Number of protein chains: 2
Amino acid sequence: MAQLDTVSRILDTAETLFAEKGFAETSLRTITSKAKVNLAAVNYHFGSKKALIQAVFARYLDPFSESFNLEMDRLEAEYSGQEIPLEAVLQTLTQTVITMPSPTRNGLSVFMRLLGLAYTQAQGHMRRYLQEQYGTVFFRFTTMVREASSDLPDVERFWRLHFMLGSAVFTMSSLDALKDIAEKDFGEQTRVRDVVQRLIPFVSAGMSAPVTTIASTANAASEKM
Amino acid sequence: MAQLDTVSRILDTAETLFAEKGFAETSLRTITSKAKVNLAAVNYHFGSKKALIQAVFARYLDPFSESFNLEMDRLEAEYSGQEIPLEAVLQTLTQTVITMPSPTRNGLSVFMRLLGLAYTQAQGHMRRYLQEQYGTVFFRFTTMVREASSDLPDVERFWRLHFMLGSAVFTMSSLDALKDIAEKDFGEQTRVRDVVQRLIPFVSAGMSAPVTTIASTANAASEKM
DNA sequence: TTATGTTTCAAACATATGTTTGATAATGAG
DNA sequence: CTCATTATCAAACATATGTTTGAAACATAA
């Protein structure tokens, strides 16, 4: 089936190139020539470049969010009613990430970098797309985090959740570069799962750090913000 | 002096637009029309678009790295020879960030977002530029962090340093959006310094989290990485 | 004032981009 | 086989981009 072949060749190459250079910096001509398909193929099969970008994400995120929902079901069933510890919530997330059979030919790290790009480089349409498509899964996750850290003030948890997110997204989005450095400096190969396993204690400790009240100083008019 | 006026009008608008849309997505025509200068002005005063991007960073980072170096001198003098606690190192960094008189008309958060973009969206030239120009300051900082956490295995500290970096860069790069959400949800205004003060306990706790040894499982050939 | 160097400006240039087109080839059901 | 649908292809299209140009305006010092 030449049609499916073309479609997934485009998806694979686009994924790699987007991750390497970013969305705007990757042209359809680069994608199609590397994928050895005709230039018009992208518009024929996907409609537009924007749609191609979304398709690249959907191919990964659709099965992921399904798996993640199932895993969360399992977790809630396991703790039926009792409070779920934060570490368990995080482990569930990362286990889902790690054990998910990658629908792409490229590895997890390529996709992680893509996710990072989507979050920072997100022009309006991507952010909206991710929100609309996968907002409910994300909401369910944050709800679990809230219940797993009910002692934390809401504002504090809000910010710490994003600190946590930042550690993950940032690290993962530079993962290939960091793995190279780590291997050169410490002579040991690092796998995605290793990094993730290092990440969990870090963010767990961060989430349960003592809350220091913010001094509501009134003399803060000096800089614009 | 019409010349300086043109130059800094370009820098100001470029900074804002880059932060909003990214580098590739912001055209010279958009910049020059918003800044009410002629299109050719950018190439006349800066030479090229790349050079403009670097100038935007230099205007902020040059005074910053100078201040930061001074503050590190001060810190080392204060603890003359004794081990400097990690929190003190971090406080020094954040104090420098916060108290620095902003050379730009735009606030700190705009620049933070820029930094985040530079790190993730970095095409080769930016990464190289930042490394060459400010690599030594960064190295001095990481050295201080190492000495302030000498009990940590090198590999572990390497990754945790990037987790830390990630929290900061990621949060700061989305700061404006996050502040809006926080204000809507919790009805309290947040300043950059508040976020930073919340960040420090988080990353400090993360850095001194217990080290769990990574199980060197050999059956990890299932996914490509 | 005159002459020199600097800055601004509108226009053109060269190129790269996403998209569309119409023809040609491949495919598959009746 | 036949024919209608689907997929591929080279070429063209329309537009947006960074950069260059040469003339005009401006400033400054002799």
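Only a predicted model underlies this, so the values are computations on that prediction, with no experimental measurement involved.
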Is A:Asp12 paired with A:Arg9 through a side-chain N to carboxylate O contact shorter than 4.0 Å?
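No, no charged N to carboxylate O under 4.0 Å.
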Whether B:Asp73 and B:Arg140 form a salt bridge (side-chain N of Lys/Arg under 4.0 Å from carboxylate O of Asp/Glu) is what I want to check.
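Answer for the salt bridge query: yes.
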Take atom [atom1] of [X] and atom [atom2] of [N], then tell me their distance rounded to the nearest Å.
X       : N      : atom1 : atom2 : result
A:Leu39 : C:dT19 : CG    : C1'   : 8 Å
A:Tyr44 : C:dA26 : OH    : C1'   : 11 Å
B:Glu25 : D:dG18 : CD    : C1'   : 15 Å
B:Leu28 : C:dC9  : CG    : C1'   : 16 Å

Between A:Arg29 and A:Val37, who's closer to the 5' end of DNA chain D by nearest nucleotide?
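Comparing both residues, the 5'-ward one is A:Val37.
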So does [X] get a side-chain nitrogen or oxygen closer than 4.0 Å to the phosphate oxygens (OP1/OP2) of [N]?
X       : N      : value
A:Asn43 : C:dG18 : no
B:Asn38 : C:dA10 : yes
A:His45 : D:dT8  : yes
B:Thr6  : C:dT7  : no
A:Ser27 : C:dT17 : yes

Which of parallel (below 30°), tilted (30 to 60°) and perpendicular (above 60°) describes B:Tyr134 and B:Tyr129?
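Rings of B:Tyr134 and B:Tyr129: perpendicular, as their planes differ by over 60°.
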Just to be sure I understand the rule, does A:Thr30 reach a base, reach only the sugar-phosphate, or reach nothing, if contact means heavy atoms closer than 4.0 Å?
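The residue A:Thr30 makes no contact with any strand.
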Is the A:Phe23-A:Phe18 ring centre distance short of 6.0 angstrom?
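Centroid distance A:Phe23-A:Phe18: below 6.0 Å, so yes.
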